[in-house]
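A, B, ... follow the sequence lines: proteins, then strands. Residue 1 opens every chain.
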2 protein chains.
Amino acid sequence: MTQHLKTSSAEAPISIYSNGMKIYRQGDPSGSLYSVQFGCVLLARVTYGGNRQVGGFFFPNDVFGWESETEHCFSAEAAGTTGIRVFAPARDPNSTEWRHKQLLPSLTRLREQLLIVSLGTADARLAAFLCDLVERNRNDLLVLPMHRLDIAAYLGISPETVSRVLRRFKDAGLVSVPSTHYIKVLNLPALQQIQ
Amino acid sequence: MTQHLKTSSAEAPISIYSNGMKIYRQGDPSGSLYSVQFGCVLLARVTYGGNRQVGGFFFPNDVFGWESETEHCFSAEAAGTTGIRVFAPARDPNSTEWRHKQLLPSLTRLREQLLIVSLGTADARLAAFLCDLVERNRNDLLVLPMHRLDIAAYLGISPETVSRVLRRFKDAGLVSVPSTHYIKVLNLPALQQIQ
DNA sequence: CGCCAGATTGAGTAAAGTCAAATCCAGTGG
DNA sequence: CCACTGGATTTGACTTTACTCAATCTGGCG
């Protein structure tokens, strides 16, 4: 199912994953880094109580796979057909340099996520989530290959609430939803002001 | 009061801040790192809507001050009397090495925070918060010099709810609260299972 | 064309927010 | 040392929000 494509240069090869496949699993040895080429990846883990938690979504040019331990504490799953470039654990200093360059933006990104999720209302969270995606995509038309359940787990709300809030946004003319996995943001300023 | 960190650079001096003082402000130039020696530091910022958001708490041996931009996007405030060691922007490679060692744990820490805040109920969030602190402190007696308002902002709930949940925990014998800024965890396993 | 998982909608319930009042505490000054 | 005082915290009553559970709808796929 996984294909390896050679790129023109000496860069790392691209692996292609289909919807739902795991790039790595919770407990797998860590060390490699992964860069999304196309599609979407989500980090997920299961709590002791059996609940699914989603730790983040990654889109093209995002880098994931960081761990401070020797094991991954999340699984990484492809949402929709997804291309990944793998960077094996670094040995030469040039590669180390590259890794460090990627790390600080990841930290900033995580901080943004934290603030989205700590917002008071479901409306504010979903609005902030959509605004964040528009900014990262530089495009009003969002492709969301993941399930509503994953968005809900990520935002810390129920999937039914995601549905209802999205409907409210539609009725208010803030977004349009041409199909399940596409959302077009029609009024970004209004979305940004929701709290 | 003077401790030696395992770093090749000359020992940095300790600055002492009193309750509520700012170590740096939102918008200040970034670059230096800060290590908490005693007390507690919190990161805070104000949204466009005027709401206060708390990005994290830092206790002894925690390092903060990371930015991927040239400006701080949070303010850092002392909660209670707090000692800080400042590490100026690195120039020698040894110091760079030290900085990178600190960075990955910060990322992991942030990920834990994200999962605490994305929990469904206020009880689960406060319980996870307390468990996290016990683990970091290696001590059942928690010192929480920050205001309830800051804990509430951090957890994404109202201060009244923090109070009420804490009372429920007290009544259930899970914690005792000898005074406002001290919480003793009496039944950690039970707290860990709340969700 | 029918099937099934995912998504949406609806109704009732539980949880958390808001606003207001009461209480507690730390810091101040007598 | 102790009373005073203003801000912080807690408690109470009520309202709003979001969750739960169940039913319905939709779209992709054999």
Checklist entry - So what does B:S179 touch, heavy atoms closer than 4.0 Å: a base, only the sugar-phosphate, or nothing? => result nothing

Item to check | Between C:dC24 (C1') and B:Y182 (OH): distance, integer Å | outcome: 17 Å

Checklist entry - Between the two ends of the helix from C:dC1-D:dG30 to C:dG30-D:dC1, what is the bend in degrees, rounded to 10 degrees, where each end axis spans five pairs? => result 40°

Item to check | Length of the CG-P vector between A:N19 and C:dG6, whole Å | outcome: 10 Å

Checklist entry - Taking C-beta and beyond as the side chain, do A:C73 and B:R111 meet within less than 4.5 Å on heavy atoms? => result yes

Checklist outcome for this item: Here the distance between atom C1' of C:dA15 and atom CG of B:L119, to the nearest Å, is 15 Å

Checklist entry - Between atom OG of A:S15 and atom CE of A:M21, what is the distance when rounded to the nearest 0.5 Å? => result 9.5 Å

Item to check | More than 12 heavy atoms from other groups under 6.0 Å of CZ on A:R52 | outcome: yes

Would you give me the side-chain donor-acceptor pairs under 3.5 Å for residues 170-179 of chain A, sequence neighbours excluded?
from	atom 1	to	atom 2	distance (Å)
A:D171	OD1	A:R167	NH1	3.1
A:D171	OD2	A:R167	NH1	3.4

Checklist entry - Is a salt bridge present between B:D62 and B:R109, judged by a nitrogen-to-oxygen distance below 4.0 Å? => result no

Checklist entry - Are B:V54 and B:M146 close enough that some pair of their side-chain heavy atoms sits under 4.5 Å apart? => result no

Next on the checklist: Please say yes or no: joined through hydrophobic side-chain contacts below 4.5 Å, possibly via intermediate residues, are A:F64 and A:L42 part of one cluster?
Outcome noted: no

Checklist entry - Tell me: CG of A:D171 to C1' of C:dT9, nearest whole Å? => result 12 Å

Next on the checklist: Using 30° and 60° as the class boundaries, would you call the ring planes of A:H72 and A:Y34 parallel, tilted or perpendicular?
Outcome noted: tilted

Item to check | Rounded distance in Å - NZ (A:K170) to P (C:dA7) | outcome: 13 Å

Checklist outcome for this item: From CZ of A:R52 across to P of C:dG6 the rounded distance in Å is 11 Å

Item to check | Interatomic distance, A:F129 atom CZ to A:I151 atom CD1 [nearest 0.5 angstrom] | outcome: 5.0 Å

Next on the checklist: Nearest whole Å is fine: how far is D:dA8 P from B:L144 CG?
Outcome noted: 17 Å

Next on the checklist: Suppose we screen for side-chain contact (heavy atoms from CB on, under 4.5 Å). Which residues come up paired with B:V143, at least two apart in sequence or across chains?
Outcome noted: B:P145, B:Y182

Checklist outcome for this item: Residues of residues 157-169 of chain B with a heavy atom under 4.0 Å from any atom of DNA chain D, listed by number, are B:E160, B:S163, B:R164, B:R167

Checklist entry - Within this structure, what is the CZ-to-C1' distance between A:R148 and D:dC19, rounded to whole angstrom? => result 19 Å

Distances for protein N or O near nucleotides 2-6 of chain D N or O, under 3.5 Å:
none

Checklist entry - For A:T180 and A:D123, take the nucleotide of DNA chain D holding the closest heavy atom to each; which residue's nucleotide lies nearer the 5' end? => result A:D123

Checklist entry - Does anything in residues 117-127 of chain B pair up under salt bridge (Lys or Arg N to Asp or Glu O under 4.0 Å), and if so which pairs, sequence neighbours excluded? => result B:D123-B:R168

